[in-house]
Amino acid sequence: MTQAPESNERTRIERYDPVSIEPRWQARWEELGLHRTKFDESGRPPYYLLTMYPYPSGDLHIGHWYIVTPTDAIARFQVMHGKNVFLPIGFDAFGLPAENAAIKNNINPRDWTMSNIDNMRRQFRTMGARFDWDAEVVTADPDYYRWNQWFFLQFLKAGLAYRAKSPVDWCPNDGTLAREQVEGVDRHCWRCGAKVEKRDLDQWYLRVTKYADELLDFSQIQFPDPVRIMQTNWIGRSEGAQVVFETAPSPHHAGGEPLTVFTTRPDTLYGATFMVLAPEHPLVGALTAPERRKAVEAYVTKAGTQTEIERLSTDREKTGVLIGAEAINPVNGERIPIFVADYVLGGYGTGAIMAVPAHDERDYAFARKFGLAIRRVVARRGEESGELDGAGAYIAHSDDEVLVNSGEQTGLAADEGGRRIVAALQAQGKGKAAITYRLRDWLISRQRYWGTPIPIIYCPTHGAVPVPEADLPVRLPNNVDYEGSGVNPLTRDETFLNVPCPIDGEPARRETDTMDTFMDSSWYWYRYLSPRKQDGPLDHDLVEGWTPVEQYTGGAEHAVMHLLYAREFTKMLRDLGMVQQNEPWKRVFNQGQILGADGERMSKSRGNVQDPDELIAKYGADTVRLFLMFMGPWDQGGPWSPTGIGGVHRFLNRVWALALDPTYKEPGDPDAGTLPDGQDEAVARASLRAAAHKTLRDVTADYESFHFNTMVAKLMELSNTLFRYRGSVVAGGPEWDEAMRLLLLMLAPAAPHITEELWSRRADVRGEAWSTVHLQRWPTVDQSAVAESTREIPVQVNGKVRDRVVVPANADAAAIERAALASAKVQAILAGRAPDRVIQAGGGRLVNVVIRE
RNA sequence: GCCGGAGUGGCGGAAGGGCAGACGCGGCCGACUUAAAAUCGGUUGGGGGCAACCUCGUGCGGGUUCGAAUCCCGCCUUCGGCACCA
């Protein structure tokens, strides 16, 4: 790069050169151990600040900076408020991308992951974040994942883990596929293109539905509203009743087989005109009549091969087949036909419904298509004899509805009728009130290599036997050969597979499934507190002293997965006596996401990834940090654009110049040296102080509420104010010096390097010993500096601002009104008329003169 | 379809019943310079006026209020999430 020779005026002070300053201070902080948390320190209250640990994809991009640097600013701000801050970092090191890279490039997932982590550690250090690297956790480390295994064994003992069959997407060549590995409408494998099928596999579950009700209680965790709402919907509690129908006798069947359905509308039971079983319902096979068997089997098979999307698409036409059996409605003994149809889900409720087409849109659509009876049983009072208009089901559920065509219950209010129907059924043992949740148990089995091995051994005699705790960890073998396919290599690894049964010592085989990585991320903040502890997963004293985590920041994309799994996990740990708390974190904040310049998610494959390294080389880390905070509200994110970064860099250059050379006069500045607005020296001194302390008041509030963009704007304003006084008689004086000191302290959390450099030079100039700016106490606002002797009050006429009047700060309402009405502009508009009303808003902050035309 | 978030200058955004457009980018004018860059100062929502000023403006249409970007009702666009959950 050709650089013009430094012009004369720029040689007076040293140029702001972040590239030389930043690494120097980073090294110094590390040498001093400034970022290492002393957990046992008393006196300073603990403050655990957590940011979601990253997946080690290889390179830190600008999105990581966007996530991390404001969090670092919060940490530094809290340190300056006397808190004992813990800000750890680690890596979510297991998962599919490592395996994909491994298969593609024929390398080892561990090597790929670990070298990515090395690179990211290096890049992280260039941010200047105060991470406590001693606490680092890497989930692919056996020292970490052995505790996943240990927790699993405890859950098993406590009955919180169990095994059950469940379907997976299966490719004949590449084994189990993750959702994103199934491509196209024809559902082919992403690698080999083969047709994907469904397979039922035995898999492990965690019994998290046990906590469904408790998870709906958010009183001990502060979530952003959208997260709370999404979790509530995800859990999906609905109240209703279970009703037992029995099958009717037929030529092929004795009948009397109970079929339980769940309904939220027991009041509509008399309107049930058919019944529907999910294709997965266990009784489908047994109840199907011989002449229907072929059709039913074909239908069930087809349902199994359809994509979730296809099957669950709401605008798809309803399909289904009769199974050739009938059920008896317990309230009226009526025989109704039974269908199997895929609009009923196997995994929800009882997998069977009573269909009430008059009062349910889905049942209505199905009944119309198959020409089934539609019987109205609920009507608005006074419209009992009315017919359905044929446009659809009648859903509205209001207070003035009554039951019709409902036997003994006819004429009752719908609610009351529903209650009586349930009570009557309950008396006969044919029903009861029930609550159903949309939430399912947590399926943790993954047919993958790169994860935590599930510590189970299958013995021909004893079945699934837990690995004894003393034998943990079950290590993932390092030498793996994918043999060019996506099939989990553990299933071919004889050394791994063959083990003696822990009970009888006879030959047995290991479980080859590994755990969902959400298991890893459900407790890592506890491990950060004692990452190398060998005799247990967590240190109880530290956990109780430092958690729930004070503040957790991360992306909203985890609203219902990670953030819910981790809550469930914490409740399980609590029930095992491992922790005392009900929730893992006190407060969660969702920062926005930085997208590529094209508005799409940043990813290597899209080629829209912004590498921060070149920006740092050009502007330095402080500028990049500050720019990311300045761009907009932190919870908003948005497409990446470097437009404007120069403005932030210019701001830091100006802070640099103000700190090192207050009295300098720009040759190009016509106003250099004069005081603004014709102020005299005393007024200038007072307004400098006022500006500094007002900024302090506002910036403090902005840090506390994570409004970093306005925080930076206000610091820019203060530097602009200082700039106006640069070279004047007050430049370098005591008020200037105080303002400069406040500016550096306020800027320190956001731009840690330049402030540290200027702070140390300040100490040099004064002959004081150096002490880091980052351990200074946050300054306090001097209210007397902020107070002003006069106020300027906007005067509106009919809501439009027409003038401003200046009144003494202590003017009372009458005086303000007099001043407002005395305004020449107001008088001109009044034109001799008297105002109808004069309103003062906000204790005299504004006056509105109302005239009716 | 249902549930959420967001729509404000050329651009990122500020103000969350009381001065719309803070701060920054970009633009324009000027200073410094042989010149350019950098730096510094001024100016910058639209329309009108020589001016002081006037007028219109926060996605659209209504409403509440002395006063609405902000609250309410009905839409539109866009981004997330869920999606036959009985």
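Order of the sequence lines fixes the chain letters, A, B, ..., with proteins taken first and strands second; residue numbering starts at 1 for each chain.
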Check your understanding: Between A/Ile829 and A/Ala352, which is nearer to the 5' end of RNA chain B once each is assigned its nearest nucleotide?
Key ->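 Its nucleotide being nearer the 5' end, the pick is A/Ile829.
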
**Study point:** Upstream residue (5' side of RNA chain B) when A/Gly638 and A/Pro794 are each assigned their closest nucleotide
**Key:**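 Result: A/Gly638.
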
Could you check which of [options] has an atom nearest any side-chain atom of [X]?
{"X": "A/Thr710", "options": "B/A15, B/A86, B/G18", "value": "B/A15"}
{"X": "A/Asn848", "options": "B/G67, B/A14, B/C54", "value": "B/G67"}
{"X": "A/Pro633", "options": "B/A86, B/C56, B/G13", "value": "B/G13"}
{"X": "A/Val850", "options": "B/C66, B/G12, B/A86", "value": "B/C66"}

Review point. Checking all strands, does A/Ser238 fall into the base, sugar-phosphate, or nothing category for heavy-atom contacts under 4.0 angstrom?
Key: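 Touches sugar-phosphate only.
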
Check your understanding: With a non-hydrogen cut-off below 4.0 angstrom, is A/Ile229 in contact with a base, only sugar-phosphate, or nothing?
Key ->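 Sugar-phosphate only.
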
Check your understanding: Looking at residues at least two apart in the chain, or sitting in another chain, which of them share a side-chain hydrogen bond (donor to acceptor under 3.5 Å, both in side chains) with A/Ser823?
Key ->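 A/Ser823: side-chain hydrogen bond (donor to acceptor under 3.5 Å, both in side chains) contacts with A/Asp803.
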
Review point. Who passes side-chain hydrogen bond (donor to acceptor under 3.5 Å, both in side chains) against A/Gln679, sequence neighbours left out?
Key: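 Checked A/Gln679 against side-chain hydrogen bond (donor to acceptor under 3.5 Å, both in side chains); matches are A/Ser687, A/Tyr725.
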
When you check the phosphate oxygens OP1 and OP2 of [N], does a side-chain N or O of [X] lie under 4.0 Å from one of them?
{"X": "A/Asn709", "N": "B/A14", "result": "yes"}
{"X": "A/Arg726", "N": "B/C40", "result": "no"}
{"X": "A/Arg802", "N": "B/U55", "result": "yes"}
{"X": "A/Tyr343", "N": "B/A86", "result": "no"}

Between [atom2] of [N] and [atom1] of [X], the distance in whole Å:
{"X": "A/Lys800", "N": "B/G67", "atom1": "NZ", "atom2": "C1'", "answer": "12 Å"}
{"X": "A/His562", "N": "B/G81", "atom1": "NE2", "atom2": "C1'", "answer": "17 Å"}
{"X": "A/Asp635", "N": "B/G4", "atom1": "CG", "atom2": "P", "answer": "18 Å"}
{"X": "A/His649", "N": "B/A38", "atom1": "NE2", "atom2": "P", "answer": "12 Å"}
{"X": "A/Ile839", "N": "B/G17", "atom1": "CD1", "atom2": "P", "answer": "18 Å"}
{"X": "A/Leu345", "N": "B/A83", "atom1": "CG", "atom2": "C1'", "answer": "11 Å"}
{"X": "A/Gln840", "N": "B/G17", "atom1": "CD", "atom2": "P", "answer": "21 Å"}
{"X": "A/Phe223", "N": "B/G4", "atom1": "CZ", "atom2": "P", "answer": "18 Å"}

Point to revise | Of all pairs that satisfy salt bridge (Lys or Arg N to Asp or Glu O under 4.0 Å), the ones with a partner from residues 221-234 of chain A, not counting sequence neighbours | key: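 Passing the test, one end in residues 221-234 of chain A: A/Asp225-A/Arg228.
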
For [X], which residues count as a side chain to side chain contact (heavy atoms under 4.5 Å, CB included) partner, sequence neighbours excluded?
{"X": "A/Glu717", "value": "A/Lys714"}
{"X": "A/Ala739", "value": "A/Ala692, A/Leu722"}
{"X": "A/Ala713", "value": "A/Phe630"}

Point to revise | Syn or anti for B/G7 (syn when the glycosidic angle lies within 90° of 0) | key: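 Base orientation relative to the sugar is anti.
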
Pairing nucleotide - [N], Watson-Crick or G-U, each distance under 3.5 Å:
{"N": "B/C40", "answer": "B/G30"}
{"N": "B/A68", "answer": "none"}
{"N": "B/G7", "answer": "B/C76"}
{"N": "B/C2", "answer": "B/G81"}

Practice item. Answer yes or no for A/Lys318 and A/Phe366: cation-pi contact, defined as NZ/CZ to six-membered ring centre under 6.0 Å and angle to ring axis within 45°. Key: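 Judged by the rule (NZ or CZ under 6.0 Å from the ring centre, within 45° of its axis), A/Lys318 is not positioned above A/Phe366.
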
Exercise for review: Quick one: sort the A/Phe706 and A/Phe708 rings into parallel, tilted or perpendicular, breaks at 30° and 60°.
Suggested key: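 Rings of A/Phe706 and A/Phe708: parallel, as their planes differ by under 30°.
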
Could you give the side-chain donor-acceptor pairs of residues 433-441 of chain A under 3.5 Å, partners two or more places apart or in another chain?
from: A/Tyr437; atom 1: OH; to: A/Asp213; atom 2: OD1; distance (Å): 3.2
from: A/Tyr437; atom 1: OH; to: A/Asp213; atom 2: OD2; distance (Å): 2.6
from: A/Tyr437; atom 1: OH; to: A/Arg237; atom 2: NH1; distance (Å): 3.4
from: A/Arg438; atom 1: NH1; to: A/Trp234; atom 2: O; distance (Å): 3.1
from: A/Arg440; atom 1: NE; to: A/Gly347; atom 2: O; distance (Å): 3.4
from: A/Arg440; atom 1: NE; to: A/Arg438; atom 2: O; distance (Å): 3.0
from: A/Asp441; atom 1: OD1; to: A/Val208; atom 2: N; distance (Å): 3.1
from: A/Asp441; atom 1: OD1; to: A/Thr209; atom 2: N; distance (Å): 2.9
from: A/Asp441; atom 1: OD1; to: A/Thr209; atom 2: OG1; distance (Å): 2.7
from: A/Asp441; atom 1: OD2; to: A/Tyr162; atom 2: OH; distance (Å): 2.6

Point to revise | Test item: side-chain donor near acceptor, A/Ser238 and A/Tyr348, under 3.5 Å | key: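 A donor-acceptor contact under 3.5 Å links the two side chains.
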
Filtered N/O pairs between nucleotides 48-51 of chain B and protein, under 3.5 Å:
none

Are there any protein N/O atoms within less than 3.5 Å of an N/O atom in nucleotides 23-25 of chain B, and if so, which ones and at what distance?
from: B/G24; atom 1: OP1; to: A/Asn720; atom 2: ND2; distance (Å): 2.9
from: B/C25; atom 1: OP1; to: A/Arg650; atom 2: NH1; distance (Å): 2.3

Report all interatomic pairs (protein N or O, nucleotide N or O of nucleotides 5-7 of chain B) with separations under 3.5 Å.
none

Point to revise | Within the 6.0 Å centroid threshold, strictly below: A/Phe627 and A/Tyr619 | key: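 Between A/Phe627 and A/Tyr619, the centre distance exceeds or equals 6.0 Å.
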
Exercise for review: List for me each residue that meets ring pair (Phe, Tyr, Trp, His ring centres under 6.0 Å) alongside A/Tyr565, sequence neighbours excluded, and say none if there are none.
Suggested key: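 In terms of ring pair (Phe, Tyr, Trp, His ring centres under 6.0 Å), with neighbours along the sequence ignored, A/Tyr565 is linked to A/Trp442, A/Phe518.
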
Check your understanding: How far does CG of A/Leu372 sit from CZ of A/Phe339, to the nearest 0.5 angstrom?
Key ->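 Between atom CG of A/Leu372 and atom CZ of A/Phe339 there are 4.5 Å.
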
Using a 3.5 Å cut-off and no angle test, enumerate the donor-acceptor pairs between side-chain atoms of residues 637-648 of chain A and protein atoms at least two apart in sequence or in another chain.
from: A/Trp640; atom 1: NE1; to: A/Gln610; atom 2: OE1; distance (Å): 3.1
from: A/Ser641; atom 1: OG; to: A/Thr643; atom 2: N; distance (Å): 3.2
from: A/Ser641; atom 1: OG; to: A/Thr643; atom 2: OG1; distance (Å): 2.9

